[in-house]
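Scroll down for the structure; my scribbles are underneath it.
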Amino acid sequence: MNREFYIGEDGLNYCATCKEPVEVLLPQKIQTYLNMKTHPRQCACIRERNAREEQERKEREHKQTVESNTSVCFEERYMREWNFEKDNGKNPDMKFAKYYVEHWKELKRLGHGLILWGGVGSGKSYMAACIANALLEQEERVLMTNFATIINGMFSATDKIDYVNAICSFDLLIIDDLGVESHSEYRMEGLFNVIDRRVRSGKPMIITTNLTMKEMDETQDLNEARIYDRIRAVCQPVQVKGESQRRASRSQMMEKFRGFFNVERKEGSLDDRD
Ligand SMILES: [Zn+2]
């Protein structure tokens, strides 16, 4: 910073830009003791520059923290783009996701999570990823993963307890697409350990699933039942009925093609598949 100075009426040096003194006169006693008359002071220009640099440093650090937490959070890179700002507003159930983020501090303290349930392509994963991205922005540590990744990670980990602890260390754990596929007892035991440990840690989790709550509650499989029991105890079920993002864009495409080829619409056409 190139500054110019002038001597003021009081004999002190002043900054020509902000017209503030850049030194203060010391009391007589201290002058004698230190053998100096004045002491430097920061003028407004310097204070503003320092504040700006401090702000920039904080922003840089925030960005780095968010970026590093985000790269840990998602296995799929495209999920980083799933956020409230980019949402097309077509899914009214998105309000539940926003509510969760708005009340995060309290829900976190209570260890309260969500079960986002609904059909394939209803936008459950999208909602969960929006929550994840919003909380990542608040510098929370979030992990969005799925059953297969948890189990594979656990089997390849040298210390399984460490692995479970690592998963439980995140502020929010999202298990995407908890399915019905039948798994070996060993794998179900692994999943139970993670979920049970997570619940006991008092930290929240969000589950997305194609299962209905009835299917969860009435499963005859004992391994599944104890997993779902744990989840149900700490997660609020929210039915997601939103129109599939994929489906919406496909039907828009079909509409365009219909116009182009002048194809007539038939009931039960391609749009109804998923
Ligand atoms: Zn100045």
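Counting starts at 1 for both ligands and their atoms, following the listed order.
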With a 4.0 Å cut-off, would you call [X] and [Y] a salt bridge?
X	Y	answer
E48	R52	no
R57	E54	yes
E20	R41	yes
R226	E189	yes
K105	E140	yes

Protein N/O/S atoms under 2.8 Å of the Zn ion (ligand 1)? C15 SG, C18 SG, C43 SG, C45 SG

Would you indicate whether the side-chain heavy atoms of M144 and F170 approach each other to under 4.5 Å? no

